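Working notes, structure below.
Fair warning: this is a prediction, and the values are worked out from it, not measured in the lab. Heavy atoms only: backbone and side chains are in, while hydrogens, waters and symmetry mates are out. The residues of the chain are indexed from 1 along the displayed sequence.
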Amino acid sequence: MQKRYRLKRRNDFRRVFRAGTSVANRQFVLYVYDRGNDEPVRVGVSVSRKVGNAVTRNRIRRLVKEVVRRWVDCLPNGVDLIIIARAPAAKMDYHQVKSSLRHVFSRAKLLSKPVVTEKERGGSG
């Protein structure tokens with residue numbers, strides 16, 4: 001994920017948690033905060049130690065970032081997002097993560113354009 005799309009600073013995370021709204025399913029919690037400007041979307045990913053060991057947490061983080069990286073053009077500008085992985089996410093593969101995140105993002109009404117899958121594009125997947 002490119003640097004301009006990352007949410008990194010502690011104060012930014014705090015602002016999203018305090019002033020943002022949340023949507024959840026069994027695998028992920030999504031916090032959304034509208035900054036009210038036209039800068040690109042910024043995304044932070046959090047995976048607790050309760051989810052698994054470092055290898056598992058980093059794997060989940062990589063999967064989530066890859067899914068969001070492919071959707072960044074479909075997400076609205078001026079929004080900060082925090083994605084928190086819950087324990088069931090540890091047993092998911094890429095396609096299950098993608099499906100679960102699509103569910104959470106659609107519940108939050110964030111996907112402005114329909115997300116095109118690799119199969120629809122003609123690729124493998």
Measure the shortest side-chain to side-chain distance between Y33 and L81 over non-hydrogen atoms and say whether it is less than 4.5 angstrom. no
Locate the shortest heavy-atom distance separating R35 from V79; write the atom from each residue and the value. NH1-O, 3.2 Å
Spatial distance of atom CZ (R57) from atom OG (S48) [nearest 0.5 Å]: 7.5 Å
Which atom pair, heavy atoms only, marks the closest approach of A108 to V32? CB-CG2, 4.4 Å
For residues R42 and R4, report the shortest heavy-atom separation together with the two atoms involved. CG-O, 3.8 Å
Please give the remaining members of the hydrophobic cluster of V55, linking ILVMFWY side chains under 4.5 Å, ordered by chain and number. none
Output a table of donor-acceptor pairs, distance under 3.5 Å, between side-chain atoms of residues 19-29 and any protein atom two or more places apart or on a different chain; print 'none' if there are none.
{"from": "N25", "atom 1": "OD1", "to": "Q27", "atom 2": "N", "distance (Å)": "3.1"}
{"from": "N25", "atom 1": "OD1", "to": "F28", "atom 2": "N", "distance (Å)": "2.9"}
{"from": "N25", "atom 1": "ND2", "to": "S100", "atom 2": "O", "distance (Å)": "3.2"}
{"from": "N25", "atom 1": "ND2", "to": "S100", "atom 2": "OG", "distance (Å)": "2.9"}
{"from": "N25", "atom 1": "ND2", "to": "H103", "atom 2": "ND1", "distance (Å)": "3.3"}
{"from": "Q27", "atom 1": "OE1", "to": "S100", "atom 2": "OG", "distance (Å)": "2.9"}

Closest contact, heavy atoms only, V51 versus A85: CG2-O, 3.6 Å
Distance in Å, F13 CZ paired with D80 CG, rounded so as to fall on 0.5 Å steps: 9.5 Å
Looking at side-chain heavy atoms only, is the closest gap between L110 and L30 below 4.5 Å? yes
Flag yes if V45 and F17 sit in one hydrophobic cluster, no otherwise; membership is Ile, Leu, Val, Met, Phe, Trp, Tyr, and two members link when side-chain heavy atoms are under 4.5 Å apart. no
Does V97 belong to the same Ile/Leu/Val/Met/Phe/Trp/Tyr cluster as L111, with side-chain heavy atoms less than 4.5 Å apart forming each link? yes
Working to the nearest 0.5 angstrom, can you tell me the gap between L101 CG and R70 CZ? 13.0 Å
Does a side-chain heavy-atom distance below 4.5 Å link N77 with E39? no
Go through K65 and V68 one step at a time and tell me if the side-chain contact (heavy atoms from CB on, under 4.5 Å) criterion holds. CA-CA 5 Å; K65 284 182 178 182; V68 174; 5.9 Å; no
Decide, yes or no, whether a salt bridge links R62 with E66 under the criterion of side-chain N to carboxylate O below 4.0 Å. no
If hydrophobic clusters are built by linking Ile, Leu, Val, Met, Phe, Trp and Tyr wherever their side-chain heavy atoms come under 4.5 Å apart, do F105 and V47 end up in the same one? yes
Quick one: are L63 and V67 in side-chain contact, heavy atoms under 4.5 Å? no
V64 side chain near R61 side chain, heavy-atom distance below 4.5 Å: no
Which atom names give the shortest non-hydrogen contact between D34 and G78, and what distance separates them? OD1-O, 3.0 Å
Measure across M92 and R59 and return the closest heavy-atom pair with its distance rounded to 0.1 Å. O-NH2, 2.6 Å
dist S46:OG -> Y31:OH (nearest 0.5 Å) comes out at 10.0 Å
If you round to the nearest 0.5 Å, how far is CG of N11 from CZ of R18? 9.0 Å
Hey, are the side chains of V43 and Y5 touching, using non-hydrogen atoms and a 4.5 Å cut-off? no
